[in-house]
Amino acid sequence: MGAPVTSTDVWSELRVRSTPKLRLSISPGLTALALLTDALAGRHRGLPEPWRTTIGSRVGPAGHEAARPLAAPGPSIAPDSLVPRSPAGADVSVQAQIGALHALPADALLADLARTFGPGAPPPRWRAAAARPARWLRGYAGALADVWSTAEPLWQRARPLLDREVERVGVTSVRGGPELLLGTLSTRVVHDGHGLRFPGPERGTYELGERTIVLVPMLAGRDAVVLGLDDPGAVWIAYPVPGAASLWRRPAAPAKDDLSALVGPVRAGLLHALDRPMTMSMLATDLRLAPSGLTYHCDRLRAGRLITRERRGREVWIARTHRAEELLELFRR
């Protein structure tokens with residue numbers, strides 16, 4: 001289940017008994033959730049007041065009503081319906097998550113509440129949602145849409161920060177070890193000799209086992225952390241992307257060119273570098289990227305049909321597609 005971490009003396013522990021496997025997901029849905037809970041539900045996590053006010057003013061009455069269950073004091077545990085697509089998979093847009101909420105049957109929300117809180121009546125703050133689940137789903141989907149309409153331009157401006165975080169995760173994982181990286185995510189994520197400790201939402205001990213840890217950088221207040229500890233396939237930790245404070249204070253620096261604004265400076269540089277097919281190792285050296293960071297960016301470009309990958313013996317060769325050539329030609333005009 002998704003759980004925005006609360007300020008409490010209660011700690012949960014994730015025991016890590018071997019070197020963990022890490023993945024990074026650039027999925028903005030948890031950013032939308034963190035902003036919603038900070039601005040609408042009153043769980044202050046460091047979001048600047050002007051942004052809280054602006055977001056709150058853009059959300060309609062039905063959205064404010066749907067956010068009320070998240071505003072109650074006490075452990076902040078919420079059903080999985082708040083984040084209907086897991087960031088453990090491919091990157092998913094907020095629009096896709098909103099569509100999934102609209103398509104979710106009312107009975108599925110009721111079953112989700114029962115899984116989260118046990119049989120019988122849910123906690124008082126969730127009873128209105130349980131009484132009219134279809135209405136709550138519409139209100140919550142509308143609230144996410146309103147929050148994202150305000151935050152999406154900021155997310156686009158944060159692309160350089162997200163690209164830098166991809167590189168940081170890749171380099172630190174290789175040079176310093178995953179354990180060192182996990183201790184730098186947030187002041188609210190503590191790494192000790194046994195694993196990770198988190199404040200709230202309830203006291204408990206979890207075993208990582210063979211699961212992957214999925215890291216999800218967010219644009220959110222400095223104290224925002226969202227956890228998923230009980231998924232059988234992965235543990236996910238959403239945390240504020242380093243440098244986000246600069247975006248709250250002032251406009252982001254303009255992109256160097258229009259292509260960078262469209263795909264991000266790292267991927268724009270990668271496309272420009274591919275004047276001829278190159279191996280992954282050649283690209284990593286040329287662009288000074290960690291292999292894991294380069295793989296991430298190549299995956300995204302391949303998903304956009306802008307590059308091809310071909311294995312020749314022990315080497316993987318990367319080449320621009322005709323679609324990429326047309327895109328580059330468009331921005332040369």
Side-chain angles (χ1 to χ4, degrees), residues 21-28 31 87-96 152-176 178 181 212 214-217 219 241-244 246-247 252-333:
K21 298 170 290 186
L22 300 183
R23 288 179 56 190
L24 195 78
S25 176
I26 307 298
S27 293
T31 287
D91 299 346
V92 177
S93 69
V94 177
Q95 290 77 10
E152 187 174 15
L154 192 71
W155 178 265
Q156 296 299 331
R157 287 162 47 196
R159 191 181 297 273
L161 294 179
L162 297 167
D163 287 344
R164 192 182 309 155
E165 183 64 0
V166 171
E167 297 170 21
R168 185 181 82 95
V169 170
V171 170
T172 310
S173 297
V174 172
R175 296 182 181 176
L181 173 67
T212 299
V214 181
L215 303 178
V216 189
L219 273 180
V241 63
S246 64
L247 294 180
K256 293 181 180 179
D257 55 54
D258 291 337
L259 181 60
S260 293
L262 178 66
V263 301
V266 174
R267 293 171 208 171
L270 198 158
L271 288 175
H272 281 299
L274 287 169
D275 286 330
R276 57 185 174 82
M278 300 175 70
T279 67
M280 290 289 282
S281 58
M282 292 163 62
L283 273 173
T285 301
D286 191 45
L287 298 174
R288 298 181 180 179
L289 284 176
S292 57
L294 177 61
T295 299
Y296 175 84
H297 290 297
C298 285
D299 285 345
R300 304 279 76 75
L301 290 173
R302 186 171 181 238
R305 293 182 288 129
L306 295 174
I307 65 168
T308 60
R309 289 190 294 203
E310 180 184 356
R311 178 170 290 280
R312 303 177 191 170
R314 300 179 64 180
E315 294 281 5
V316 176
W317 287 79
I318 308 297
R320 288 195 304 235
T321 64
H322 181 66
R323 177 187 175 95
E325 298 290 352
E326 291 180 333
L327 183 66
L328 288 169
E329 182 61 27
L330 175 65
F331 285 106
R332 289 190 187 108
R333 294 173 183 172

ask   = Taking side chain as C-beta onward, heavy atoms only, is V316 less than 4.5 Å from T279?
value = no
request  = Can you measure from CG (L283) to CG (L274) and round to the nearest 0.5 angstrom?
outcome  = 5.0 Å
task = Go through the steps for C298 and I307 under the test side chain to side chain contact (heavy atoms under 4.5 Å, CB included), then give the verdict.
result = CA-CA 7 Å; C298 285; I307 65 168; 3.8 Å; yes
Close side-chain approach of E167 to Y296, heavy-atom, < 4.5 Å = no
query = Can you tell me how far the CD atom of Q156 sits from the CG atom of L162, to the nearest 0.5 Å?
reply = 9.5 Å
key: Pairing residues for A319 by the side chain to side chain contact (heavy atoms under 4.5 Å, CB included) criterion, not counting sequence neighbours   = P277, T308
Q95 vs E152 side-chain heavy atoms within contact, under 4.5 Å = yes
ask   = Nearest heavy-atom pair of P217 and L24: which atoms, and what distance?
value = CD-CD1, 3.9 Å
ask   = For the residue pair T31 and L219, what are the closest heavy atoms and their distance?
value = OG1-N, 3.0 Å
ask   = Considering all heavy atoms of both residues, which atom of V166 and which atom of G293 are nearest to each other, and what is their separation?
value = CG1-CA, 3.8 Å
query = Does the pair R320 and D275 meet the rule for a side chain to side chain contact (heavy atoms under 4.5 Å, CB included), with working shown?
reply = CA-CA 8 Å; R320 288 195 304 235; D275 286 330; 3.3 Å; yes
message = Check R309 with D299, please: is the shortest side-chain N to carboxylate O separation under 4.0 Å?
response = yes
task = Go through the structure and list residues passing salt bridge (charged side-chain N to carboxylate O under 4.0 Å, His left out) with R168, not counting sequence neighbours.
result = E165
query = How close do L294 and A284 get, heavy atom to heavy atom, and via which atoms?
reply = CD2-N, 3.6 Å
task = Could you list the residues that satisfy side chain to side chain contact (heavy atoms under 4.5 Å, CB included) with R323, not counting sequence neighbours?
result = R305, L306, T321
message = Just so I know, are the side chains of V216 and I26 near enough to count as touching, which here means a heavy-atom distance under 4.5 Å?
response = no
task = List in chain and number order the residues that pass side chain to side chain contact (heavy atoms under 4.5 Å, CB included) with R164, two or more places apart in sequence or in another chain; answer none if no residue qualifies.
result = L161
task = Given side chain to side chain contact (heavy atoms under 4.5 Å, CB included), test R23 with L215 step by step and report yes or no.
result = CA-CA 6 Å; R23 288 179 56 190; L215 303 178; over 6 Å; no
key: Validation row: R159, R267 side chains within 4.5 angstrom (heavy atoms)   = yes
task = Applying side-chain hydrogen bond (donor to acceptor under 3.5 Å, both in side chains), name anything that partners T212, two or more places apart in sequence or on another chain.
result = none
Smallest separation among heavy atoms of V214 and S25, with atom names = CG1-CB, 3.9 Å
note = The side chain to side chain contact (heavy atoms under 4.5 Å, CB included) partners of R314 (sequence neighbours excluded) come to none
inquiry  = Take a 6.0 Å sphere around CZ of R312 and say whether it holds more than 12 heavy atoms from other residues, nucleotides or ligands.
reply    = yes
query = Rounded to the nearest 0.5 Å, how far apart are CG of L270 and CE of M278?
reply = 9.0 Å
For M280 against T295, the heavy-atom pair lying closest together = CE-OG1, 3.7 Å
key: Spatial distance of atom CG (D163) from atom CZ (R300) [nearest 0.5 Å]   = 11.5 Å
